[in-house]
Amino acid sequence: QLELVESGGGLAQPGGSLRLSCAVSGVTLDDLAVGWFRQALGKGREGVSSISQGDGFTYYEDSVRGRFIIARDSAKNSVTLQMNNLKLEAACVYYCAGAESIPKENMDVPWPHWGQGIQVTVVS
């Protein structure tokens with residue numbers, strides 16, 4: 001069974017950096033599309049970034065483009081989200097999700113598999 005496990009969350013200052021990791025098991029990494037989502041207290045879950053199955057096309061929502069980087073780490077069978085120049089709005093629970101196939105530039109699709117979520121805190 002496909003499983004996703006997030007790690008790497010924690011505390012950072014505005015302008016600082018954190019790197020999240022989504023460990024993937026039960027499937028070949030390159031055959032899986034992986035997306036990162038986040039949900040702040042009192043708000044709905046929103047897409048952050050995704051990497052497509054196969055060729056690994058990367059997509060970023062406007063709010064994080066130029067500051068966050070999504071990438072595969074084949075040696076660890078995981079997908080990372082490098083978060084740079086963090087803003088207060090980044091403080092929330094982050095989730096990784098998996099799907100067999102997604103469009104190149106659209107995260108608003110069904111995601112059958114989800115991790116448990118991990119907390120990111122940003123304080124001055």
Side-chain angles (χ1 to χ4, degrees):
Q1 183 177 359
L2 192 153
E3 293 184 339
L4 306 171
V5 180
E6 300 96 334
S7 63
L11 179 66
Q13 293 180 309
S17 297
L18 285 174
R19 185 172 68 250
L20 306 181
S21 180
C22 177
V24 176
S25 62
V27 67
T28 301
L29 185 62
D30 291 0
D31 291 338
L32 185 71
V34 176
W36 285 98
F37 298 78
R38 63 188 181 186
Q39 185 170 16
L41 184 64
K43 297 183 178 180
R45 186 176 298 174
E46 64 176 359
V48 177
S49 180
S50 66
I51 184 165
S52 298
Q53 70 284 348
D55 64 1
F57 178 88
T58 56
Y59 170 78
Y60 302 91
E61 296 289 346
D62 290 343
S63 60
V64 305
R65 187 175 293 111
R67 298 185 297 111
F68 289 14
I69 302 172
I70 190 170
R72 293 172 177 146
D73 187 341
S74 297
K76 298 181 179 180
N77 215 55
S78 65
V79 173
T80 60
L81 183 69
Q82 178 68 42
M83 304 186 294
N84 299 316
N85 192 18
L86 285 165
K87 302 182 182 300
L88 292 176
E89 291 76 17
C92 57
V93 176
Y94 283 71
Y95 299 86
C96 66
E100 294 181 348
S101 178
I102 63 168
K104 295 292 186 182
E105 300 180 358
N106 183 15
M107 295 185 67
D108 189 19
V109 296
W111 293 86
H113 311 284
W114 290 87
Q116 78 285 355
I118 190 165
Q119 180 71 48
V120 170
T121 302
V122 183
V123 297
S124 301

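Quick caveat, the model's predicted, so the values are computed rather than measured. Hydrogens, waters and symmetry mates play no part in the numbers below; they use all other heavy atoms, side chains included. Count residues from 1 along the sequence.
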Which of parallel (below 30°), tilted (30 to 60°) and perpendicular (above 60°) describes W111 and F37?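 Perpendicular: the ring planes of W111 and F37 meet at over 60°.
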Side-chain heavy-atom pair [X], [Y] within 4.5 angstrom cut-off:
{"X": "V64", "Y": "R38", "result": "yes"}
{"X": "P14", "Y": "L88", "result": "yes"}
{"X": "S21", "Y": "D73", "result": "no"}
{"X": "L86", "Y": "F68", "result": "yes"}
{"X": "V79", "Y": "W36", "result": "yes"}
{"X": "Y60", "Y": "M107", "result": "no"}

Cluster link [X] to [Y], ILVMFWY, side chain under 4.5 Å:
{"X": "W114", "Y": "V109", "result": "yes"}
{"X": "I69", "Y": "F57", "result": "no"}
{"X": "L18", "Y": "Y94", "result": "yes"}
{"X": "L4", "Y": "L29", "result": "yes"}

Sequence neighbours excluded, which residues qualify as side chain to side chain donor-acceptor pair (under 3.5 Å) partners of D108?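 In terms of side chain to side chain donor-acceptor pair (under 3.5 Å), with neighbours along the sequence ignored, D108 is linked to no residue.
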With a 6.0 Å cut-off (strictly less than), is the heavy-atom count around NZ of K104, excluding the residue itself, greater than 12?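 More than 12 within 6.0 Å, yes.
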Where is the tightest heavy-atom contact between A33 and I102, given as atom of each residue plus distance?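 For A33 and I102, the tightest heavy-atom pair comes out as CB-CG1, 3.6 Å.
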Within this structure, what is the [atom1]-[atom2] distance for the pair [X] and [Y], rounded to the nearest 0.5 Å?
{"X": "T58", "Y": "R72", "atom1": "OG1", "atom2": "CZ", "answer": "10.0 Å"}
{"X": "D31", "Y": "L2", "atom1": "CG", "atom2": "CG", "answer": "10.5 Å"}
{"X": "Q39", "Y": "E46", "atom1": "CD", "atom2": "CD", "answer": "9.5 Å"}
{"X": "E89", "Y": "S63", "atom1": "CD", "atom2": "OG", "answer": "9.5 Å"}
{"X": "S101", "Y": "L32", "atom1": "OG", "atom2": "CG", "answer": "10.5 Å"}
{"X": "T80", "Y": "I70", "atom1": "OG1", "atom2": "CD1", "answer": "7.5 Å"}

Kindly say whether S17 contributes a backbone atom to a donor-acceptor pair with the side chain of N84 at under 3.5 angstrom?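 Not confirmed, N84 side chain does not pair with S17 backbone.
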Which pairs pass disulfide bond (SG atoms under 2.5 Å apart) with one or both residues in residues 74-124, sequence neighbours excluded?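 Applying disulfide bond (SG atoms under 2.5 Å apart) to every pair that reaches into residues 74-124, excluding sequence neighbours, yields C22-C96.
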Extract all donor-acceptor atom pairs below 3.5 Å that involve side chains of residues 116-124 and protein atoms in other chains or at least two apart in sequence.
unit_1 : atom_1 : unit_2 : atom_2 : d
Q116   : NE2    : E6     : O      : 3.3
Q116   : NE2    : E6     : OE1    : 3.2

